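One structure is given here, and the rest of the page talks about it.
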Amino acid sequence: MDREQLIEEVAEAIQKMRAGRRGRKRSGESDSGRGMVLNYLYTHGGQASPGDLRDYMCVTTPRVTAVLNELEEDRLIVRETEGCDRRRVNVKLTDLGRQRVEHRRKEKREEIARLVDRLGMEDAEALLRICRAVEELEKTDGGSQSLLRV
């Protein structure tokens with residue numbers, strides 16, 4: 001496997017492990033959830049409903065509203081009503097929000113590249129195998145307990 005492919009696969013494996021933990025831990029416990037919303041919108045065509053975001057984040061509707069208020073205040077998202085039904089709202093990523101996500105993703109990729117370079121190819125491939133093994137173990141655990149919980 002070449003370096004670039006290994007970087008991509010390690011980044012994906014780490015992201016999957018983090019996403020797997022999300023279902024067992026409410027995002028509001030450790031951070032505001034802003035990054036989760038921005039990333040979700042970025043990977044889902046730039047828009048979603050507040051309900052989709054609530055389900056993804058495993059938080060309450062008031063928590064989603066608070067996060068959306070913060071993001072809207074920072075001009076990273078906009079909320080738009082659907083046609084004449086003002087009860088239906090779409091959350092959309094702004095250009096500034098898209099730039100913020102792309103910048104953060106670039107930073108994360110560079111962090112993973114530095115990790116791979118420090119570990120060396122052999123150890124980075126071992127890390128990838130371990131991440132995948134942990135992901136499989138957590139799937140078979142049924143999500144009842146996280147193997148990564150300390």
Side-chain angles (χ1 to χ4, degrees), residues 1-79 90-150:
M1 176 178 318
D2 71 3
R3 178 182 177 272
E4 293 304 310
Q5 182 182 1
L6 184 58
I7 290 168
E8 292 302 319
E9 291 192 27
V10 168
E12 182 180 325
I14 290 172
Q15 180 62 31
K16 282 183 180 179
M17 285 175 55
R18 292 183 72 212
R21 294 194 70 206
R22 186 172 298 126
R24 290 178 293 281
K25 179 179 154 220
R26 295 166 56 112
S27 76
E29 291 176 1
S30 66
D31 65 29
S32 71
R34 293 168 51 102
M36 288 178 70
V37 169
L38 293 174
N39 277 310
Y40 184 89
L41 293 171
Y42 186 83
T43 59
H44 289 83
Q47 68 179 19
S49 73
D52 291 338
L53 295 168
R54 179 198 63 227
D55 294 346
Y56 173 71
M57 296 171 68
C58 301
V59 296
T60 64
T61 299
R63 181 69 207 132
V64 171
T65 300
V67 172
L68 295 180
N69 288 343
E70 291 174 17
L71 292 171
E72 196 167 42
E73 184 176 309
D74 291 342
R75 300 185 330 259
L76 300 175
I77 60 119
V78 293
R79 286 182 267 201
N90 274 325
V91 179
K92 295 186 177 182
L93 198 57
T94 63
D95 288 339
L96 181 61
R98 186 174 316 285
Q99 290 169 5
R100 178 80 50 94
V101 173
E102 288 170 352
H103 177 74
R104 187 65 185 131
R105 285 173 169 245
K106 181 181 177 201
E107 286 179 337
K108 285 290 187 189
R109 189 189 182 291
E110 290 169 356
E111 289 173 11
I112 298 295
R114 284 192 299 276
L115 174 65
V116 167
D117 290 343
R118 283 189 93 178
L119 290 174
M121 293 295 286
E122 186 177 329
D123 287 345
E125 287 175 354
L127 172 63
L128 179 59
R129 285 190 304 276
I130 292 166
C131 287
R132 288 176 175 164
V134 169
E135 179 186 356
E136 285 302 311
L137 286 170
E138 288 210 334
K139 282 181 188 175
T140 60
D141 182 35
S144 62
Q145 293 185 16
S146 174
L147 298 171
L148 301 177
R149 198 173 300 143
V150 181

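Model, not experiment: these values are computed from the prediction.
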When rounded to the nearest 0.5 Å, the distance separating CD1 of Ile7 from CZ of Arg114 is 11.0 Å
Any side-chain to backbone donor/acceptor pair from Thr94 onto Leu76? Under 3.5 Å, distance only. yes
Subject >> Side-chain heavy atoms of Lys108 within contact of Gln15, under 4.5 Å >> reply: no
field: Residue Asp95 excluded, over 12 heavy atoms near CG under 6.0 Å
entry: no
Should we say atom CD of Gln5 is surrounded by more than 12 heavy atoms from elsewhere, each under 6.0 Å from it? yes
Any side-chain heavy-atom pair from Leu115 and Leu119 closer than 4.5 angstrom?
-> yes
As a quick check of understanding, evaluate side-chain contact (heavy atoms from CB on, under 4.5 Å) for Leu41 and Val101, giving each step before the final call. CA-CA 10 Å; Leu41 293 171; Val101 173; over 6 Å; no
Problem - Check: Pro50 and Thr65 side chains under 4.5 Å, non-hydrogen atoms - result: no
Does Cys131 form a side-chain contact (heavy atoms from CB on, under 4.5 Å) with Val10? I'd like the steps, not just the answer.
CA-CA 8 Å; Cys131 287; Val10 168; 5.9 Å; no
One should read off an interatomic distance between Leu38 CG and Arg98 CZ, to the nearest 0.5 angstrom, of 11.0 Å
Value for NE2 (His44) from CG (Asn39), rounded to nearest 0.5 Å, stands at 11.0 Å
One should read off an interatomic distance between Leu93 CG and Tyr40 OH, to the nearest 0.5 angstrom, of 13.0 Å
Looking only at heavy atoms, the pair that brings Ala124 and Leu6 closest together is CB-CD2, 3.5 Å
Applying side chain to side chain contact (heavy atoms under 4.5 Å, CB included) to Gln99 and not counting sequence neighbours gives Leu96
TODO: Would you check if Val91 and Val78 make a side-chain contact, meaning some heavy-atom pair closer than 4.5 Å?
DONE: no
So, do Asp117 and Arg3 sit near enough that their side-chain heavy atoms are less than 4.5 Å apart? yes
Which of Arg100, Lys106, Glu107 passes side-chain hydrogen bond (donor to acceptor under 3.5 Å, both in side chains) with His103? Answer is Glu107
- Task: Report yes if the side chains of Arg109 and Glu8 come closer than 4.5 Å at any heavy-atom pair, otherwise no.
- Result: yes
| With distance as the sole test, does Asp52 use its side chain to make a donor-acceptor pair with the main-chain N or O of Ala48 at under 3.5 Å? | no
Flag the pair Leu71 / Arg34 as yes when at least one side-chain heavy-atom distance between them is below 4.5 Å, and no otherwise. yes
Show, in sequence, the C-alpha distance, side-chain angles and deciding distance for Met1 and Leu128, and conclude whether the side-chain contact (heavy atoms from CB on, under 4.5 Å) test is met. CA-CA 12 Å; Met1 176 178 318; Leu128 179 59; 4.2 Å; yes
Check your understanding: Can Arg79 and Asn69 be counted as having a side-chain donor-acceptor contact under 3.5 angstrom?
Key -> yes
So CZ of Arg132 and CD of Glu9: to nearest 0.5 Å the spacing works out to 4.5 Å
Taken to the nearest 0.5 Å, the spacing of Leu68 CG from Leu53 CG works out to 6.0 Å
task: In sequence, state the C-alpha distance, the side-chain angles, and the governing distance for Val37 and Met57, and then conclude on side-chain contact (heavy atoms from CB on, under 4.5 Å).
output: CA-CA 8 Å; Val37 169; Met57 296 171 68; 3.5 Å; yes
Arg105 vs Tyr42 side-chain heavy atoms within contact, under 4.5 Å = yes
